[in-house]
Amino acid sequence: MNNQTFVEIGKKVVMNNVARLPVTISKGIGSRVWDADGKEYIDFLTGISVANYGHSHPEITKALQEQAGKILHMSNYFYLEEQVQLAEELIKLSGYEQVFFCNSGAEANEAAIKLARKYGKTKLGGKFEIITAKQSFHGRTLGALSATGQPKYQESFQPVVPGFVYAEYNNLSAWEAAVTDQTCAIMLELVQGEGGVTPATPEFIAGLIKLCQEKDLLFIVDEVQTGLGRTGKYFAYEHFGFQPDVVTLAKSLGGGVPFGALLVNQKANLFTPGDHSTTIGGGGMAFAAGMVTLKLLQQPGLMAEVVRKGKYIQDTWESWKNELPVIKSSRGLGLMLALELTIPSKQVMLACLEAGLIVNAVTETALRILPALNITEDDLEAGLQIMKNVLAKF
Ligand SMILES: Cc1ncc(COP(=O)(O)O)c(C=O)c1O
C-alpha cells in the first residue's frame, strides 16, 4: 500500500483526536525516516524527544529482542530483574531516594499530583492546592490536564479536577501571590515545551526555591520533555543548581517503548502500599530499553556535544537573519530549540515536510526542533540546508 492509501484508511479507522500530517512512516534509522512511498526525511523532531539516540538504535533493538524472549510482565506482586537494575541506575544518576515506574508522562504527573495531595494531607494538615504555570503542558489525562495551564486544552472537558491555581511563568510575584492557606505544592517545567520552548529564568527558579522553603511546599518538576540530556544536562534542574523534591520523566527513557517514571527525595517519599499503582508500569521491554538509554546518555562527551550542537544551530539561524527577514529570533536550551518567525509556522512546517525535513509548529509563529542528541554532522547540515531553502521561499 502506498502512503496516500494508508493515510486515507488511517483517517477512517484511527480516531480523529489530533491533527495528523498526511504521512505514514514505515521505517527509521538514526535521524532519517522513510514514508510508505520510500520518500526520505531528516527527522529534527525525534517523535517529540523520544528517539533521542535516533531510530532503530542497534543497542536498543538488541536489548528489546533479548527481553522479548526472556520475560515481559509479572505484575506488581513481583520485582523484575531489569526493573530493579534500572531503578538503581536512575538513583545513581540522579541522587533521588526511590523511583516509581509507569507508562507515560501524563501518568508520571498523575502520580506526582497524588503525591502532592498526600503530602498536603499528611504533612500540612489537609492542604491540597497545587500552583502550576500558565502556558504549561503536563499531559492529557484528567489530572495532568487540570494541571496544564492552557484553557484551550481544558474547554471541552470542564469541570476539570479542582485544586489547581495557575500563575504566569517567569513572574515570581505572581507565584507568591498565588500561594493561599491551602497550597501544598508547585509544579512546573524548567523549559516550557508545548507552550512554545520558553526557558525559566534563574531568578524565577531561585525565588521559587525560597518560596517552597518558606511555605514548606513540595517542589515538583516535570522533566518529561527536558529530562535525560535534552537540554545539555542529565536533568534540566542542574542548570539551576538545585534538586526538586519530585521529578517526572517519560519520553526518551524507554527509547520508544511507552514508559514514565517518578523520582522522589525523602520528603516526598510518601506512597505506602495501596496508594498508587498500574498493572504494567513500564514492563520488561521498557526496563530493558531504559537500561540502554541511560547507558547511551552517559557516554563521555555527549552532554558537551548537545550544548555545542544547540549553540551551533542557534548561531546558524542568527547568521541567516540578514538574508531571511522572516526570522525574528531563536530560543531554547541544549537541543530543545525554537525559531520565532514573522510568518505562520504551520506553512513553514508543511513546506519543510514537502522538502524532506520534519520540524514542528509549536506556536502560531514558532518552529520547534528536538533533534537526536547524537545526530550526525551530515544530517544536521542537510536538515539546516533544507530549512534555509524553505525559509528563503517565504
Ligand atoms: C512537559 C510534558 N509533560 C507531560 C507530557 C505528557 O507526556 P505523555 O504524552 O507521555 O503522556 C508532555 C508531552 O509532550 C510534556 O511535554
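Atoms within a ligand are numbered from 1 in the order they appear, just like the ligands themselves.
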Engineer: State yes or no: do Y96 and V221 share one hydrophobic cluster built from I, L, V, M, F, W and Y residues joined by side-chain heavy-atom distances below 4.5 Å, directly or via other members?
Structural biologist: yes
Engineer: So, the side chain of T148 versus the backbone of Q150: is there a donor-acceptor pair under 3.5 Å, distance only?
Structural biologist: no
Engineer: I'd like to know whether ligand 1 has K251 as a neighbour, heavy-atom separation below 4.0 Å.
Structural biologist: yes
Engineer: For ligand 1, which atoms sit closer than 4.0 Å to a heavy atom of N109?
Structural biologist: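 Going through ligand 1 atom by atom, the ones under 4.0 Å from N109 are 3 (N), 4 (C).
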Engineer: Does the protein place any heavy atom closer than 4.0 Å to atom 7 (O) of ligand 1?
Structural biologist: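 Yes; the ligand atom in question has protein heavy-atom contact below 4.0 Å.
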Engineer: Indicate yes or no for a side-chain donor-acceptor contact from K233 to the backbone of G227 under 3.5 Å, with no hydrogens or angles considered.
Structural biologist: no
Engineer: Check ligand 1 against S104 and write out every atom of the ligand that is under 4.0 Å from a heavy-atom position of the residue.
Structural biologist: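 Contacts of ligand 1 toward S104, numbered from 1: 10 (O), 11 (O).
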Engineer: Given the rule in the side chain to side chain donor-acceptor pair (under 3.5 Å) test, do T278 and N103 qualify, once you have shown the distances and angles that lead to the verdict?
Structural biologist: CA-CA 8 Å; T278 159; N103 309 288; 3.1 Å; yes
Engineer: Can you spot which of L296, L373, L294 makes a side-chain contact (heavy atoms from CB on, under 4.5 Å) with L228?
Structural biologist: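 Among L296, L373, L294, the one meeting side-chain contact (heavy atoms from CB on, under 4.5 Å) with L228 is L294.
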Engineer: Using a strict cut-off of 4.0 Å, indicate which atoms of ligand 1 neighbour a heavy atom of A106.
Structural biologist: 6 (C), 7 (O), 8 (P), 11 (O)
Engineer: Using a 4.0 Å cut-off to any heavy atom of E189, which atoms of ligand 1 qualify?
Structural biologist: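 Listed by number with element, the hits are 1 (C).
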Engineer: Heavy-atom pairs closer than 4.0 Å: do any link ligand 1 to the side chain of T226, the backbone, both, or neither?
Structural biologist: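 Neither part.
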Engineer: Determine whether a donor-acceptor pair (N or O, by modelled atom type, separation under 3.5 Å) exists between the side chain of K118 and the backbone of L270.
Structural biologist: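 A pair under 3.5 Å: yes.
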Engineer: May I ask you to decide if the ring planes of F240 and F242 are parallel, tilted or perpendicular, using 30° and 60° as cut-offs?
Structural biologist: perpendicular
Engineer: Between E194 and ligand 1, which residue portion shows a heavy-atom distance shorter than 4.0 Å: side chain, backbone, both, or neither?
Structural biologist: side chain
Engineer: Once the angle between the rings of F164 and Y166 is folded into 0 to 90°, is it parallel (under 30°), tilted (30 to 60°) or perpendicular (over 60°)?
Structural biologist: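 Rings of F164 and Y166: parallel, as their planes differ by under 30°.
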Engineer: Considering the heavy atoms of G105, write down every atom of ligand 1 situated less than 4.0 Å from one of them.
Structural biologist: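 Heavy-atom distances to G105 below 4.0 Å select 7 (O), 8 (P), 10 (O), 11 (O).
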Engineer: Are L21 and I48 connected into the same hydrophobic cluster when the rule is that any two of I, L, V, M, F, W, Y join if their side-chain heavy atoms are below 4.5 Å apart?
Structural biologist: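 Both belong to a single hydrophobic cluster.
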Engineer: Could you list the atoms of ligand 1 found under 4.0 angstrom from a heavy atom of V224?
Structural biologist: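 Selected atoms, number and element: 2 (C), 3 (N), 4 (C), 5 (C), 7 (O), 12 (C), 15 (C).
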Engineer: Give the numbers and elements of all ligand 1 atoms closer than 4.0 Å to a heavy atom of D222.
Structural biologist: 1 (C), 2 (C), 3 (N), 4 (C)
Engineer: Considering Q192, Q225, E223 one by one, which has a heavy atom nearer to atom 16 (O) of ligand 1 than any of the others?
Structural biologist: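 It is Q225 whose heavy atom sits nearest to atom 16 (O) of ligand 1.
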Engineer: Measure H138 to ligand 1 on non-hydrogen atoms and call it side chain, backbone, both or neither using the 4.0 Å cut-off.
Structural biologist: backbone
